[in-house]
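In listed order, ligands and their atoms are each counted from 1. Note that the structure is a prediction, hence the values are computed from the model and not measured.
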Amino acid sequence: MDYVEHFLHAATTRGVGFVAVESGPSGEEIVAEIHGYSPEIFCFSHVLTDLTIAVTPRQQGSGLGRRLFSHFLRAVDEQRPHISRIELFARESNTRALAFYESLGFEREGAFRDRVLNSDGSLESDIPMARLRT
Ligand SMILES: CC(C)(COP(=O)(O)OP(=O)(O)OC[C@H]1O[C@@H](n2cnc3c(N)ncnc32)[C@H](O)[C@@H]1OP(=O)(O)O)[C@@H](O)C(=O)NCCC(=O)NCCS
């Protein structure tokens, strides 16, 4: 809960975030979310970091993630001209996600070795990626 409160506060005060909402018989439901925010330090004010996207499992693979991410990038490009660098991290084993981000203009910038602790106790690299405004 603290994690959610932290990123909601950061995204609403110094970042960008969107949700995708589905209407159904029982009301509206958030089915996907994307956010990123600028660090509070001046020298990083042109950066959006910790970009995170999640799509509800039953809608994964249906094109929603790509549409939401493209909307996010368009909004940053058009409405936040001072943002010239967007950063994210992805696990090395999440090859589909890595390819997805590369298809959206992100490039791999190395590896944080053994940064991620998996639920089975193993460690794996976290891959930093960035998209620079060209
Ligand atoms: C990664 C994720 C945001 C993509 O959203 P999505 O709506 O499923 O993706 P789309 O249907 O728009 O497809 C976009 C790309 O995502 C990739 N993708 C699809 N399902 C995925 C899944 N379950 N996990 C990882 N990547 C997936 C595909 O390679 C696809 O590429 P393509 O367009 O060349 O086929 C979403 O699947 C998700 O939330 N996955 C679980 C959590 C996760 O892996 N998050 C990334 C952590 S860095």
*Closest non-hydrogen protein atom to atom 8 (O) of ligand 1, residue and atom name please, with distance?*
Gly61 N, 2.8 Å
*What atoms of ligand 1 come within less than 4.0 Å of a heavy atom belonging to Phe89?*
48 (S)
*Describe, in one word, how the ring planes of Phe7 and Tyr3 are oriented to each other, choosing from parallel (under 30°), tilted (30 to 60°) and perpendicular (over 60°).*
perpendicular
*asked:* Tell me whether Ile53 shares a hydrophobic cluster with Tyr37, the cluster being built from Ile, Leu, Val, Met, Phe, Trp, Tyr side chains joined at under 4.5 Å.
replied: no
*Report the C-alpha distance between Phe18 and Glu33 in whole Å, list the side-chain angles of each, state the deciding distance to 0.1 Å, and finish with yes or no for side-chain contact (heavy atoms from CB on, under 4.5 Å).*
CA-CA 6 Å; Phe18 296 102; Glu33 189 274 337; over 6 Å; no
*What part of Phe69, side chain from CB on, backbone N/CA/C/O, both or neither, has a heavy atom under 4.0 Å from ligand 1?*
neither
_Derivation and outcome, side-chain contact (heavy atoms from CB on, under 4.5 Å), residues Ser38 and Leu48_ = CA-CA 5 Å; Ser38 296; Leu48 272 189; 3.9 Å; yes
*Mind checking whether Asn94 contacts ligand 1 via backbone (N, CA, C, O), side chain (CB onward), both or neither, at a 4.0 Å heavy-atom cut-off?*
side chain
*Side chains of Ser103 and Arg66, donor plus acceptor under 3.5 Å*: yes
*Salt bridge between Glu92 and Arg113, side-chain N to carboxylate O under 4.0 Å?*
no
*asked:* At less than 4.0 angstrom from any non-hydrogen atom of Leu64, what atoms of ligand 1 do you find?
replied: 7 (O), 12 (O)
*Would you kindly specify which portion of Pro57 sits under 4.0 Å from ligand 1, judged on non-hydrogen atoms: side chain, backbone, both or neither?*
neither
*asked:* Within this structure, what is the OG1-CZ distance for the pair Thr49 and Phe89, rounded to the nearest 0.5 Å?
replied: 6.0 Å
*asked:* Quick test of your reading of the model: are Glu87 and Arg131 salt-bridged, counting only N-O distances below 4.0 Å?
replied: no
*Protein contact to atom 41 (C) of ligand 1 [nearest heavy atom, distance to 0.1 Å]*: Gln60 NE2, 3.4 Å
*Under 3.5 Å: N/O of Val55 near N/O of ligand 1*: yes
*For atom 45 (N) of ligand 1, what is the nearest protein heavy atom, given as residue, atom name and distance?*
Ile53 O, 4.0 Å
_Does the protein come close to atom 14 (C) of ligand 1 - that is, does one of its heavy atoms sit below 4.0 Å from that atom?_
yes
_Pick from Arg96, Arg66, Met129: the one approaching atom 31 (O) of ligand 1 most closely through a non-hydrogen atom_ = Arg66
*Looking at Glu29 and Arg58, does any basic side-chain N land under 4.0 Å from a carboxylate oxygen?*
yes
*In Å and rounded to the nearest 0.5 Å, what is the OG1 to CD1 distance from Thr95 to Ile127?*
11.5 Å
*Quick one: nearest non-hydrogen protein atom to atom 11 (O) of ligand 1, plus distance?*
Gly63 N, 2.7 Å
*State whether any protein heavy atom lies less than 4.0 Å from atom 35 (O) of ligand 1.*
no
_Within-shell test, Ala54 vs ligand 1, heavy atom, strictly < 4.0 Å_ = yes
*Using 4.0 Å as the upper bound for N to carboxylate O, is an ion pair formed by Glu107 and Arg85?*
no
*Protein non-hydrogen atom found under 4.0 Å from atom 4 (C) of ligand 1*: yes
*asked:* Can you report which non-hydrogen protein atom sits closest to atom 1 (C) of ligand 1, along with the distance?
replied: Phe100 CD2, 4.4 Å
*Numbering the atoms of ligand 1 from 1, which are under 4.0 Å from a heavy atom of Tyr101?*
46 (C), 47 (C), 48 (S)
_Only heavy atoms of Gly65, strictly under 4.0 Å: list the atoms of ligand 1 that pass._
5 (O), 6 (P), 7 (O), 12 (O)
